[in-house]
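Here the structure comes first, spelled out in C-alpha cells, and everything after it is commentary.
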Amino acid sequence: MIWGRGAYVIVALASAPIIFWLQYGKVIERSFSVHKTHSIKEMENIFQLVRNVIPPLTAKKHKGQDGRIGIVGGCQEYTGAPYFAAISALKVGADLSHVFCTKDAATVIKSYSPELIVHPVLDSPDAVREVESWLPRLHSVVIGPGLGRDDVLLEHTKGIIEKSKVKGIPIVIDADGLWLIAQQPSLIQGYPRAILTPNAMEFSRLYEAMLRDPVDNSDYHGCLLRLSQALGNLTIVQKGERDLISDGEKVLVCSHEGSSRRCGGQGDILSGSLGVLAHWAFLAGPEKTNGQNPFLVAAFGACSLTRQCNNQAFQKFGRSMTASDMVLEIGTAFNKLFET
Ligand SMILES: *[C@@H]1O[C@H](CO)[C@@H](O)[C@H](O)[C@H]1NC(C)=O
C-alpha cells in the first residue's frame, strides 16, 4: 500500500485541463465527482496562480528584491550548464545571479556574460565557509548544473546544502547534485523546501536508492508519489516527454507544447527558472497560491516556460536550435504565458 487515498492527476494542456482521479496507480475513471470539480478549478487557475506569485515591477524597489539566486556548479569540464542556469534566472526576472564554481571554470563562465557574478570558490578548501558567507544574501540556490562528480567538490556541495537548509532557503537540485542525493538521500530527506528535477535516468537512480526497487514503467505516477513521500514529501519534477510534478500528494502533468527537439542545456534553463519562481512562490505564500503548495506552482510555471521557449526557438531554428536560442526566447515566452 503506497498512498492511502488516491491522488489527483492533473493533465495540463495550457487551456484544456483534463483531470483524472487516480487510485492505486491506475487511472480508474474520468471522475465527475466532487474531487474533480475541485481539481478543475485548481487546474484552470494554475497559470493564474503562477501569475499571482510574480512580483509586480515598480520603481520603488531596490536591486535584489526580486531575487538573488545562487548557482552551485561549474568545473573544468562543464561551464555551459551553470551559465545557462544563471542567465535563465536573470532573464526570468531575478535581480542578481551568482555562480559558485571552481577556479578554472570561473574565468570561462565570466567570459560568457558580464551579467553574472562568478565566485571561484568551489574547489577551495574554504568552499563551504565562502559560500555560507553569501547565503544570507541569497533567496534560493540551484545545486548541480555542471557540478561533475569529483569527490572533493561533492563534499563541499554537501556542506553547502547543509548550510542552505539551516538558512531555510529553497534548494533546487539537478544533474550531479542528484547523483550526490542518490548516494546520501538523508542530506535532503525531510527538507520541505527542496525541489529535485531528475530526468528519467536520474529518477531511476534516486528511486532505486530510496525504494530498493526498479521503477515500474507501467506506473510513473505511482512511482513519483512514492519517491516524493519516501523523501518526506519534497517536490519532485520528473522531466520527460511530459513533465510530472509531485509533492507526495498531488501529481501535476505539464504537457505544454514544446517541440520534438531536445538540446543540451534545456534542463539548466529549467533549473535556473525554477530557482527564481520557487523564491517568488515561497515569498508570496499560500494566500497567493490559493492554498496550493507554492513549489508545485513554481515547478509548473518553470516547466511551462521552458517548453514555451523550446517551442518558440524551434519555430525559428528547427533542428539547429540550441539552448542559447531558447534563452533568447525567455522574455517573450514569459510574457505570453504569464503577463497576458
Ligand atoms: C506525505 O503526504 C502524504 C499524502 O498526503 C501523507 O500521507 C504523508 O503523511 C506525508 N508524509 C510526511 C512525512 O509528511
Side-chain angles (χ1 to χ4, degrees), residues 53-55 61-75 81-102 105-106 109-110 113-124 126-147 153-154 156-178 180-181 187-188 191-197 234-235 268-285 294-295 298-299 301-302:
V53 305
I54 296 169
K61 288 194 278 199
H62 56 82
K63 188 169 71 177
Q65 235 176 319
D66 283 339
R68 292 180 296 262
I69 311 302
I71 311 290
V72 178
C75 60
Y83 162 76
F84 286 124
I87 200 77
S88 299
L90 283 181
K91 296 263 182 198
V92 166
D95 290 316
L96 295 170
S97 244
H98 294 257
V99 177
F100 301 93
C101 60
T102 63
I109 296 170
K110 276 184 219 222
S113 166
E115 286 137 337
L116 308 177
I117 303 163
V118 184
H119 307 267
V121 297
L122 206 51
D123 52 348
S124 130
D126 260 353
V128 178
R129 210 180 44 78
E130 298 250 21
V131 178
E132 186 187 10
S133 71
W134 281 95
L135 287 179
R137 281 168 276 184
L138 299 180
H139 297 107
S140 68
V141 288
V142 180
I143 307 248
L147 179 60
L153 297 188
L154 290 178
H156 292 167
T157 303
K158 184 181 159 189
I160 293 165
I161 292 174
E162 281 162 350
K163 299 294 183 191
S164 305
K165 280 164 62 181
V166 172
K167 288 274 181 287
I169 58 178
I171 307 177
V172 177
I173 305 188
D174 190 34
D176 283 324
L178 294 171
L180 174 63
I181 298 302
L187 196 48
I188 207 68
Y191 183 65
R193 296 173 193 168
I195 309 177
L196 312 187
T197 56
L234 46 76
T235 304
D268 308 310
I269 295 173
L270 174 68
S271 67
S273 309
L274 186 49
V276 184
L277 283 161
H279 160 56
W280 288 349
F282 178 55
L283 192 70
F295 294 131

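Here CG of Leu274 is found 13.5 Å from CD1 of Ile269. Values are rounded to the nearest 0.5 Å. To the nearest 0.5 angstrom, Leu96 atom CG is 9.5 Å from Leu138 atom CG. Atom CZ of Arg68 and atom OG of Ser97 lie 12.0 Å apart (nearest 0.5 Å). Between the NZ atom in Lys167 and the CD atom in Glu132 there is a gap of 6.0 Å [rounded to 0.5 Å]. From Asp123, atom CG reaches atom SG of Cys101 across 8.5 Å, with rounding to the nearest 0.5 Å. Taken from CD1 in Ile173 to CD1 in Ile188, the straight-line distance is 4.0 Å, to the nearest 0.5 Å.
Taking both residues in full, the closest heavy atoms of Thr102 and Cys75 are given as OG1-CA, 3.3 Å, listed atom of the first, atom of the second, then distance. The shortest heavy-atom contact between His156 and Ala127 is ND1-CB, 3.4 Å. Contact detail for Gly73 and Val99: the closest heavy-atom pair is O-CG1, 3.7 Å. Nearest approach of Ile69 to Gly275, heavy atoms of both residues: CD1-O, 3.9 Å. Closest non-hydrogen pair, Val276 versus Ala94, comes out as CG2-CB, 3.8 Å. The two residues Glu162 and Leu187 come nearest to each other via the heavy atoms OE2-CD1, 3.7 Å.
Counting heavy atoms from C-beta outward, Val72 and Ile161 have side chains that stay 4.5 Å or more apart. Ile160 places none of its side-chain heavy atoms less than 4.5 Å from the side chain of Val141. The closest side-chain heavy-atom distance from Val53 to Pro294 is not below 4.5 Å. In this structure, the side chains of Arg193 and Ile171 stay at 4.5 Å or more apart for every pair of heavy atoms. Between Ile169 and Leu135 there is a side-chain heavy-atom pair separated by less than 4.5 Å.
Within a 6.0 Å radius of NZ in Lys165, other residues, nucleotides and ligands contribute more than 12 heavy atoms.
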Distance-only donor-acceptor pairs under 3.5 Å for side chains of residues 114-121, two or more places apart:
residue: Glu115; atom: OE1; partner: Ser113; partner atom: OG; Å: 3.0
residue: His119; atom: NE2; partner: His98; partner atom: ND1; Å: 2.8

Solution key, residues 81-93 side-chain donor-acceptor pairs under 3.5 Å, sequence neighbours excluded:
residue: Ser88; atom: OG; partner: Phe84; partner atom: O; Å: 2.6

(message) Apply side chain to side chain contact (heavy atoms under 4.5 Å, CB included) to residues Leu178 and Leu196 and explain how you reach the verdict.
(response) CA-CA 7 Å; Leu178 294 171; Leu196 312 187; 3.8 Å; yes
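Shown here are the salt bridge (charged side-chain N to carboxylate O under 4.0 Å, His left out) partners of Asp268, two or more places apart in sequence or in another chain: there are none.
No donor-acceptor pair under 3.5 Å is formed between the side chain of His279 and the backbone N or O of Ser140. Here the side chain of Asp174 pairs no donor or acceptor atom with the backbone of Gly144 at under 3.5 angstrom.
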